[in-house]
Amino acid sequence: MTDPAAVKDALKSQAIETPSWAYGNSGTRFKVFAQQGVPRDPYEKLDDAAKVHEFTGVAPTVALHIPWDRVQDYAALAGHAEKRGVRLGAINSNTFQDDDYRLGSICHPDAAVRRKAVDHLLECVDIMDATGSRDLKLWFADGTNYPGQDDIRARQDRLAEGLAEVYARLGDGQRMLLEYKFFEPAFYTTDVPDWGTAYAHCLKLGPQAQVVVDTGHHAPGTNIEFIVATLLREGKLGGFDFNSRFYADDDLMVGAADPFQLFRIMYEVERGGGLTSEVAFMLDQCHNIEAKIPAIIRSVMNVQEATAKALLVDRPALAAAQAAGDVLGANAVLMDAYNTDVRPLLREVREEMGLDPEPLAAYARSGWGEKIVAERVGGEQAGWGA
């Protein structure tokens, strides 16, 4: 797409969902460092998320994580979000922090534990009904650490059975998004270790089940853009969890480790029609040492920059070079787009949207960071512990 007006329109219509848990105290498996001004409840998380949207213009929804974001009245929480100019997005389940899940949740050999896990997932669908959320996002820590610990095939049967029950509960317009991760916390087998396993289960379930690609959930050297292209081709790419990794599931700011990879992914998204489809672009990062809100703003901006570069790829020129077998010429077309400084373009886009062209600087001037430090005293800070 080389028409400047069309590129700008695509960037203005982009929507990136931010995660509620990233506004609280979070971090590595080693230590969670508490920060001043951190939200004490889901309402204050939404207040912070609204600031990200206010200064970026492209973060209109906020994902919830249950039970971290459990409240008495979800309709009231949705109303609070609307008043702040955002909406509630995906509902993320949690079947990995209860002692009962030591040997798994939905794949556990004990039927009582499986029942508990499935009931939690059904509760999450109830919450979707109350909040108007479209997506139920599932990630399972289930797996084994030792050969012979459990029956690999039986665990897949249990997984299929549990997913089918939850899938049957979905309403019209609701989706089940199944995430995968190749290892951790299980080290011998993981029950949903790769996109193929997730795809196979989603294909069997039906059209309302789709795959989530977490960019940090792959072995080093994995060609993530190939996975994205394939899932888009099959109509089974439900969304992303964007973050960055150097070694394992680092959950760093998006684009921090390999911005070129993020560009390659976004090119395949644009090439496959993902920018104008139902693909959900969600962040999933855990801020350990950096300030919460500015880090999320930075990630949103990094996704915007990668998207802008992907939109600038001269696809007719690329197709011509590919058809001619011009290896260097084809690569040069992609590299020309990647090496383009799109920051002036994005500043123009923001100005045309009535926003400050520099979101991070605008946030710093707003005084919101100082305000929440002064006001959010007492109570218990939100966080998931480690």
Side-chain angles (χ1 to χ4, degrees), residues 1-16 58 180 182 194-200 202-203 210-245 254-281 301-346 348-349:
M1 185 185 297
T2 54
D3 177 13
V7 170
K8 286 184 176 181
D9 287 344
L11 292 169
K12 291 174 185 176
S13 64
Q14 189 170 29
I16 301 166
V58 294
Y180 59 90
F182 80 108
D194 51 41
W195 71 273
T197 304
Y199 173 78
C202 289
L203 190 65
Q210 296 196 310
V211 181
V212 170
V213 175
D214 185 310
T215 51
H217 283 192
H218 302 83
T222 298
N223 189 319
I224 300 175
E225 56 267 34
F226 173 83
I227 299 170
V228 170
T230 301
L231 290 173
L232 274 169
R233 182 174 178 270
E234 298 298 323
K236 278 295 184 182
L237 179 63
F240 286 95
D241 272 359
F242 279 129
N243 52 60
S244 245
R245 64 174 296 280
V254 185
D258 190 350
F260 184 47
Q261 180 191 66
L262 182 59
F263 159 75
R264 299 194 310 266
I265 291 170
M266 291 310 301
Y267 170 70
E268 291 302 333
V269 170
E270 197 278 330
R271 162 72 178 83
L275 290 180
T276 55
S277 69
E278 296 297 310
V279 175
F281 299 94
M301 294 172 66
N302 287 350
V303 174
Q304 286 183 294
E305 290 181 15
T307 304
K309 292 181 178 185
L311 288 165
L312 291 176
V313 172
D314 188 338
R315 285 178 51 185
L318 180 60
Q322 291 170 340
D326 185 355
V327 176
L328 293 178
N331 177 251
V333 173
L334 279 182
M335 295 309 299
D336 285 345
Y338 176 69
N339 289 322
T340 301
D341 184 356
V342 296
R343 291 173 297 176
L345 170 65
L346 284 165
E348 288 181 19
V349 167

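For the numbers below, each heavy atom of this structure counts, side chains included, while hydrogens, waters and symmetry mates do not. Residue numbers count from 1 along this sequence.
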Using only atom types and a distance under 3.5 Å, with no angle test, would you say the side chain of Gln210 pairs donor to acceptor with the backbone of Gly235?
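Yes, Gln210 side chain to Gly235 backbone: donor-acceptor pair under 3.5 Å.
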State whether the side chain of Asn331 and the backbone N or O of Val327 hold a donor-acceptor pair below 3.5 Å, judged by distance alone.
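No; judged by distance alone, with no hydrogens or angles, the pair does not exist.
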Answer yes or no: is there a side-chain heavy-atom contact under 4.5 Å between [X] and [Y]?
X	Y	answer
Val7	Leu11	yes
Asp214	Asn243	yes
Tyr267	Val228	no
Asp314	Pro316	yes
Val213	Tyr180	yes

Minimal non-hydrogen separation, [X] against [Y], with atom names:
X	Y	result
Thr222	Gln261	O-NE2, 4.3 Å
Arg245	Ala257	O-CB, 3.1 Å
Ala308	Leu345	CB-CD2, 4.4 Å
Val279	Gly239	CG1-CA, 4.0 Å
Val313	Ala337	CG2-CB, 3.6 Å
Leu334	Phe263	O-CZ, 3.6 Å

Qualifying residue, where the test is side-chain contact (heavy atoms from CB on, under 4.5 Å) with Phe281 and the options are Val269, Thr307, Val303, Val254
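Single side-chain contact (heavy atoms from CB on, under 4.5 Å) partner of Phe281 among Val269, Thr307, Val303, Val254: Val269.
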Give, for atom [atom1] of [X] and atom [atom2] of [Y], the distance between the pair rounded to the nearest 0.5 Å.
X	Y	atom1	atom2	result
Asn302	Ser244	CG	OG	8.0 Å
Thr276	Gln14	OG1	CD	12.0 Å
Lys12	Gln304	NZ	CD	12.5 Å
Leu311	Met266	CG	CE	8.0 Å
Leu312	Tyr338	CG	OH	14.0 Å
His218	Ile224	NE2	CD1	4.5 Å

Let me see the working for His217 and Trp195 under side-chain contact (heavy atoms from CB on, under 4.5 Å), right down to the final yes or no.
CA-CA 10 Å; His217 283 192; Trp195 71 273; over 6 Å; no
Counting neighbours of CZ on Phe226 that are heavy atoms of other residues, nucleotides or ligands and sit closer than 6.0 Å, is the number greater than 12?
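No, not enclosed.
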Between Glu348 and Lys8, does any NZ, NE, NH1 or NH2 come within less than 4.0 Å of an OD or OE carboxylate oxygen?
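Looking at Lys8 and Glu348, the cut-off is met.
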Lys/Arg cation over aromatic Tyr199: Lys236, 6.0 Å, 45° cone:
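Not satisfied by the 6.0 Å and 45° rule.
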